[in-house]
Structures are given as structure tokens and as C-alpha cells.
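Shown next, in C-alpha cells, is the structure this report addresses.
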Amino acid sequence: MSKGVRVRFAPSPTGPLHIGGVRTALYNYLFAQKHNGTFILRIEDTDQTRYVSGAEAYIIESLNWLGLIPAESVDHGGDYGPYRQSERRDIYTAHVEQLIEAGHAYYAFDTPVELEEMREREKANGKHSPKYDASIRMTMRNSLTLSDAEVQDLIEKGENVTVRMKVPEGEVIGFSDEVRGRVQFDTSELDDKVILKADGLPTYHLANVVDDRLMEISHVIRGEEWLSSTAHHVLLYRFFGWEAEMPVFTHLPLIMKPSGKGKLSKRDGAKFGFPVFPLEWNDEKEGAIYAGFREEGFLPDALINFLSLLGWSPGTDQEMFTRDELAQEFSIAKIIKSGAQFNYDKAKWFNQQYIIASPTSELLALVADDIKAVGGDLSDEFISGVIDMLKPRVESIGEFVTEGTYFWSAPTAYEEKPLKKKFKLDNQAHFEEIISALQASDAWDAESLSALVKGFINDNGLKFGEILPVLRICMTGSMAGPDLFEMIALLGKEETVSRLQQGLKEAIAIKTAS
């Protein structure tokens, strides 16, 4: 086996890629980057009954969007393919035959009805969780209890022919986990797992062990849900004679609900209004569309930074990391054991920080078309100005459109409460003079405009709190918005004068009516 670091992310195309799966891919990627290793994407599609059309493409698109690009995969190829398990059937068959010949596996012919009858019988005998194990295998229809002739006949008929691994009795199976330390299971706790199904395809247990060995995987970094199955995998490594070269195991903590109680699910996202998938997913079976982080306006780097800290701690107070910094700092030793609580507000905070730090040109490429779709034929220069002003005020890319409407549409309604409070009819003439001064001004930059208006306020003994808020409401319809004078400078003289004149009329009407 190669001594270099080789890690794999091995999702099943049974639905969209959950954010927990994205974190698993990220940790594998970072570990490979840190150790100059190889990050592999393997599609584990042996469960054809749960296969969902479009899921594989969704997984690949998600990783591409996030920039977690594998060195070897279905798309990129490599020396250890095929990278889609359904294309490796002959490989698994040969290894199953090897186990049967060595006495580590056996054929089983039990029908679903017979299996259910066994479970009911065992429950009646006081077993709360009956399983197909050493205590009952000799009472079932399998190659351990049938004659060679009967076995051959049933194999030829091809009905309900599966292969189970033969778990030894009276042993303790132990292995080291990089997060949890030494883990042990008594073989009395283990069932004789099916390793080859009736359709001729392997189960996860066999396929992942064989593939990890043949693809020379050095470290297996996967979700906590696979911890209890690892004892079976250790046995398979032993059965094949590969025990001395097993990969290093690391089982990651769960991502928990925002409440901290229970594993985060897609239902939580739908219930509380946040995404749990990287991209939007149209579940045709359920007739539901689930939100994605991309469509909710997240930047890939922001999501990467947020997810990196859901289960891993750098050991310092630092929160913002570039990808290179993450790869440099990432350490399996700093992965936490307890579940990581999902906090969508924190995710939005990260996204805001990345938006603020992003070059305007990059954001322009993301939002220009959407802004033009609602704002008309606006120049890229104008949109760039909008982006610069709104950067500190938005938490998602989409908010450049929803929060910036006043840049391309003059207000049609005005907040009455602040107008009633701030506008005084005695100041009407002063506002008219300000509008005239702006109309006559040759200088049209934020600094000059600010000096002009504030100078007028000072020269006339007025209060800033009586003038500037009213000007803002005239420009945007509300108290919201970025720096008043930067906004006026971007909108231009004609649009500014028009808005101020119309806004003043509305202010007078509202004040008079009250």
C-alpha cells in the first residue's frame, strides 16, 4: 500500500448532499491539502433500490461550487477506477468468493417472510433486538445448514441468494479512532451482515472495505453513524489478510439541530426556514423544493469557513480563515467529540464578513444580471457603486437586489412616523433652499455635497436631526440606507433633485394632515 495520504469522500446518490456530508468532504479535503495528499470522490451507488436520479450530478455540482475538487473521481478519472461502485461488480464478486472459500462467509437463502418469522420468534423468546447472528444462524436456511446439493440448486435458481459474513463467537473487536480513542465491540453484539445482496451488488460493508484497500486509502474520515459498523469492517480486513494495513479511522461528530437536541435534518430546515443542503433540491417524490445555501445567497468560501468550525476548533479565538489557512491549521487531533450545534445566524454572519471582504468586481459578476432584471439598463459602474454602499448592510448576495430597490426606483411611499416627528413646516423654506443649492452645485461628489448641506445647516442655525433624516426619507422612503451623501452622489443631480422635490411635497402633506 502507498505510504502517501489518500482520503476519499464516498457519498451515496440516494438524495441531495446534506450539509453534514459537505463537512465530511471538507475535512477530507483539508486533511489531504495539509499533507500534500490525494482527495478522492467515490460514488457508492450499490443500493439501487434507493438510487435517486440526478443525485450524483447534484453531489458533483455541489463540490464544484464549493471548490472541493477531487483529484480522482468519476469526472476526473484516475489510476484506481472505476470510481462508481456499480461499475466494480466483478471486483466484489471475486472478493466474496474468496471469503466463502476461506469459511468467513456463507450463502443465505432466507426469504423476507422467513426472516420476519425469525425476528418474531426471537422476540417471543425474550430478545428485544433479534438479529441474524451466531446464536441463530444454524436454524436458518443457509449453506451452513443445507447440503451441498441443496445449496447448488438454490444458487442456480437464483432466488433470495445473499452472502453473509460469518462473525466469530466470543471475541472482542477493537480499533483505534482518532477522535474517540480505543473502541471495542463484543462479537455477541454483531450480526452476520449481508455483504452481497440478491441483485449481485455488495452492501456498503464489503464495498467500502474492498475499495478502500484497492484504492490505497490511508485515512477514513466519515460520519459518526458509521462507528458501530467499523467492527464488521475490521473483521473483513482480518478475513482478507489486510489487518496490518488498515486505514486510520476518524469518526466525525454529528451536526445537531439549533436546539442542540437531535441530528440536523432537512425537516429542520423546512420548519425553521434555513437551508441544510448546499444547492437547492427539488424532491419530486415529495413534491417539495428544499432551499440551498447557494440560492440563499451564500458565498462558497463563507460556507466553507462556517462548516470548518462545526466540529473542529483551531484552539484559538480566530474565526476567519482563508482556505490555505484552514488547510494549514486543520488537525484531526482538534476535532471535537461532542455534536456541533447548527447556528444559522452565525452562518449569515460569516457570509456577511466574506461579502464585505470580497472585491466589488467579483460581487458584480454575481448580482449584475439580477439587479438589471429589476432595475433596468443600469451601468456596471452604477451597480458597482450600489454594491460598495450595501456591502456592510447585507447578509446574502440576494439582498443586494431586495435591499437596494431605492437605488433604481424612486420611493412611492414614505414612512409617516419619522416624517411627522422630524419635519417641521417652518423648515419648508430651508429645504427648498437646500434643493436649489444642490441643483446649482458644480461639484457632485459625496464630500462636496456633505459640506454644502451641513454648511447650510450650520449657517442657518438649524439642527442636523431636523434636516438630514428628512432628506434621507425623501431619497429612500425610509430611514434606512447607506451614507446619505454617497447615495446622492451616485444617483446624480437630476434624480436627487426630483426625489427631494417630490419627498418635500409628501412631507408637507403628511404634516398638514396630522
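Computed over heavy atoms, backbone and side chain alike; hydrogens, waters and symmetry mates excluded. Predicted model, so just to flag it, every value in this text is computed and none were measured.
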Original post:
Quick one: does Arg472's side chain get under 4.5 Å of Met487's, heavy atoms only?
Top reply: yes

Original post:
What are the two closest heavy atoms between Phe464 and Ile457, and how far apart are they?
Top reply: CD2-CD1, 3.8 Å

Original post:
Parallel under 30°, tilted from 30 to 60°, perpendicular over 60°: which one fits the rings of Phe342 and Phe293?
Top reply: perpendicular

Original post:
Are any side-chain N or O atoms of Lys511 and backbone N or O atoms of Lys421, one a donor and one an acceptor, separated by less than 3.5 Å?
Top reply: no

Original post:
With a 3.5 Å cut-off and no angle check, do the side chains of His18 and Ser265 form a donor-acceptor pair?
Top reply: no

Subject >> For Glu415 against Ser478, the heavy-atom pair lying closest together >> reply: OE2-CB, 3.0 Å

Subject >> Lys422 side-chain N/O to Glu466 backbone N/O, donor-acceptor pair under 3.5 Å >> reply: no

Original post:
Without hydrogens or angle criteria, can the side chains of His232 and Ser229 be said to hold a donor-acceptor pair below 3.5 Å?
Top reply: no

Subject >> Under 3.5 Å: donor-acceptor pair, side chain of Ser441, backbone of Ala437 >> reply: no

**OP:** Considering non-hydrogen atoms only, spot the tightest contact between Trp408 and Ile371 and give its length.
**Re:** CZ3-CG2, 3.6 Å

Original post:
Does any N or O in the side chain of Glu399 come within less than 3.5 Å of the main-chain N or O of Glu395, such that one atom is a donor and the other an acceptor?
Top reply: yes

Original post:
More than 12 non-hydrogen atoms from neighbouring residues, nucleotides or ligands closer than 6.0 Å to CG on Asn458, yes or no?
Top reply: yes

**OP:** Begin with the C-alpha distance, continue with both residues' side-chain angles, and end with the deciding distance and a verdict on side-chain contact (heavy atoms from CB on, under 4.5 Å) for Leu303 and Trp65.
**Re:** CA-CA 11 Å; Leu303 183 55; Trp65 174 65; 3.9 Å; yes

**OP:** Flag the pair Ile255 / Arg23 as yes when at least one side-chain heavy-atom distance between them is below 4.5 Å, and no otherwise.
**Re:** yes

Original post:
Measuring from Gln439:CD to Lys493:NZ, what's the distance to the nearest 0.5 Å?
Top reply: 7.5 Å

Subject >> Chi angles and distances behind the side-chain contact (heavy atoms from CB on, under 4.5 Å) call for Asn427, Leu462 >> reply: CA-CA 9 Å; Asn427 286 333; Leu462 303 173; 3.9 Å; yes

Original post:
Is the Lys NZ or Arg CZ of Lys348 less than 6.0 Å from the centre of Phe350's six-membered ring, within 45° of the axis?
Top reply: no

Original post:
Could you give the distance from OG (Ser218) to CE (Met246), rounded to the nearest 0.5 Å?
Top reply: 13.5 Å

Original post:
Taking atom CG of Leu378 and atom OG of Ser384, what is their separation to the nearest 0.5 Å?
Top reply: 11.0 Å

Subject >> Ion pair Glu224/Lys263, N-O distance below 4.0 Å >> reply: no

Subject >> Donor-acceptor under 3.5 Å (Asn208 side chain, His205 main chain) >> reply: yes

Original post:
Which atom names give the shortest non-hydrogen contact between Val394 and Phe400, and what distance separates them?
Top reply: CG2-CZ, 3.8 Å

Original post:
Among all residues two or more places apart in sequence or in another chain, which pass the side-chain hydrogen bond (donor to acceptor under 3.5 Å, both in side chains) test with Tyr83?
Top reply: Glu72

Subject >> Minimum side-chain heavy-atom gap Tyr27-Val7 below 4.5 Å >> reply: no

Subject >> Over 12 non-hydrogen atoms of neighbours within 6.0 angstrom of CD in Gln428 >> reply: yes

Original post:
If you measure only the distance, is there a donor-acceptor pair under 3.5 Å linking the side chains of Arg222 and Thr230?
Top reply: yes

**OP:** For Tyr80 and Glu216, test the side chains for any donor-to-acceptor distance below 3.5 angstrom and give the result as yes or no.
**Re:** yes

**OP:** Kindly check if the number of other-residue, nucleotide or ligand heavy atoms within 6.0 Å of NZ (Lys424) is above 12?
**Re:** no

Original post:
Pick one: which of Phe185, Tyr204, Trp226 meets ring-ring contact (aromatic ring centres under 6.0 Å, His included) with His233?
Top reply: Tyr204

Original post:
Between Thr24 and Gly20, is there a donor-acceptor pair closer than 3.5 Å when you use the side chain of the first and the backbone of the second?
Top reply: yes

**OP:** Taking the side chain as every heavy atom from C-beta outward, state whether Tyr354 and Ile356 have any atom pair closer than 4.5 Å.
**Re:** no

Subject >> Asn305 side-chain N/O to Thr322 backbone N/O, donor-acceptor pair under 3.5 Å >> reply: no

Original post:
Is the Phe175 ring parallel, tilted or perpendicular to the Phe249 ring (thresholds 30°, 60°)?
Top reply: perpendicular

Original post:
What heavy-atom pair brings Ile304 and Leu26 nearest, and what distance separates the two atoms?
Top reply: O-CD2, 3.6 Å

**OP:** Determine, stepwise, if the pair Lys372 / Asp380 fulfils side-chain contact (heavy atoms from CB on, under 4.5 Å).
**Re:** CA-CA 9 Å; Lys372 290 177 181 179; Asp380 286 350; 3.1 Å; yes

**OP:** For Glu432, look at atom CD and say whether over 12 heavy atoms of other residues, nucleotides or ligands are found less than 6.0 Å away.
**Re:** yes

Original post:
Does the pair Glu286/Lys266 count as a salt bridge with the N-to-O cut at 4.0 Å?
Top reply: yes

**OP:** Taking atom NZ of Lys505 as the centre, report whether more than 12 heavy atoms of other residues, nucleotides or ligands fall under 6.0 Å from it.
**Re:** no

**OP:** Grab the two heavy atoms, one from Ile510 and one from Lys420, that are nearest each other, plus how far apart they are.
**Re:** CG2-CG, 3.8 Å

Original post:
Is the distance between the ring centroids of Phe298 and Phe306 under 6.0 Å?
Top reply: no

Original post:
Could you give the distance from CH2 (Trp281) to CG (Asp283), rounded to the nearest 0.5 Å?
Top reply: 7.0 Å

**OP:** Decide yes or no for Ile397 and Asp370: does some side-chain heavy atom of the first lie under 4.5 Å from some side-chain heavy atom of the second?
**Re:** no

Original post:
Counting only N and O atoms by type, is there a donor-acceptor contact under 3.5 Å from the side chain of Thr476 to the main-chain atoms of Gly481?
Top reply: no

I'd like a table of donor-acceptor pairs (distance under 3.5 Å, sequence neighbours excluded) in which one partner is a side-chain atom from residues 37-62, with atom names and distances.
| from | atom 1 | to | atom 2 | distance (Å) |
| --- | --- | --- | --- | --- |
| Arg42 | NE | Glu44 | OE2 | 3.2 |
| Arg42 | NH1 | Asp212 | OD1 | 2.9 |
| Arg42 | NH2 | Glu44 | OE2 | 2.8 |
| Arg42 | NH2 | Asp212 | OD1 | 3.0 |
| Glu44 | OE2 | Gln85 | NE2 | 3.3 |
| Asp45 | OD1 | Gln85 | N | 3.3 |
| Asp45 | OD1 | Ser86 | N | 2.8 |
| Asp45 | OD1 | Ser86 | OG | 3.4 |
| Asp45 | OD2 | Ser86 | OG | 2.7 |
| Thr46 | OG1 | Pro202 | O | 3.2 |
| Asp47 | OD1 | Thr49 | N | 3.4 |
| Asp47 | OD1 | Thr49 | OG1 | 2.6 |
| Gln48 | NE2 | Asp45 | O | 2.4 |
| Glu56 | OE1 | Arg84 | NE | 3.1 |
| Glu56 | OE2 | Arg84 | NE | 3.4 |
| Glu56 | OE2 | Arg84 | NH2 | 2.7 |
| Tyr58 | OH | Leu279 | N | 3.1 |
| Tyr58 | OH | Leu279 | O | 2.6 |
| Glu61 | OE2 | Arg294 | NH1 | 3.0 |
| Glu61 | OE2 | Arg294 | NH2 | 3.3 |
| Ser62 | OG | Tyr58 | O | 2.8 |

Original post:
Okay, side chain of Thr316, backbone of Gln318: is any donor-acceptor separation there less than 3.5 Å?
Top reply: yes

Subject >> Atom pair OG/CG of Ser450 and Leu452 - distance to nearest 0.5 Å >> reply: 9.5 Å

Original post:
Do Phe407 and Phe382 touch side chain to side chain, with heavy atoms closer than 4.5 Å?
Top reply: yes

Original post:
Would you say the side-chain atoms of Arg180 pair up with the backbone N or O of Leu227, donor to acceptor, closer than 3.5 Å?
Top reply: no

Subject >> Stepwise side-chain contact (heavy atoms from CB on, under 4.5 Å) check, Leu484 with Met475 >> reply: CA-CA 8 Å; Leu484 173 63; Met475 294 301 296; 4.1 Å; yes

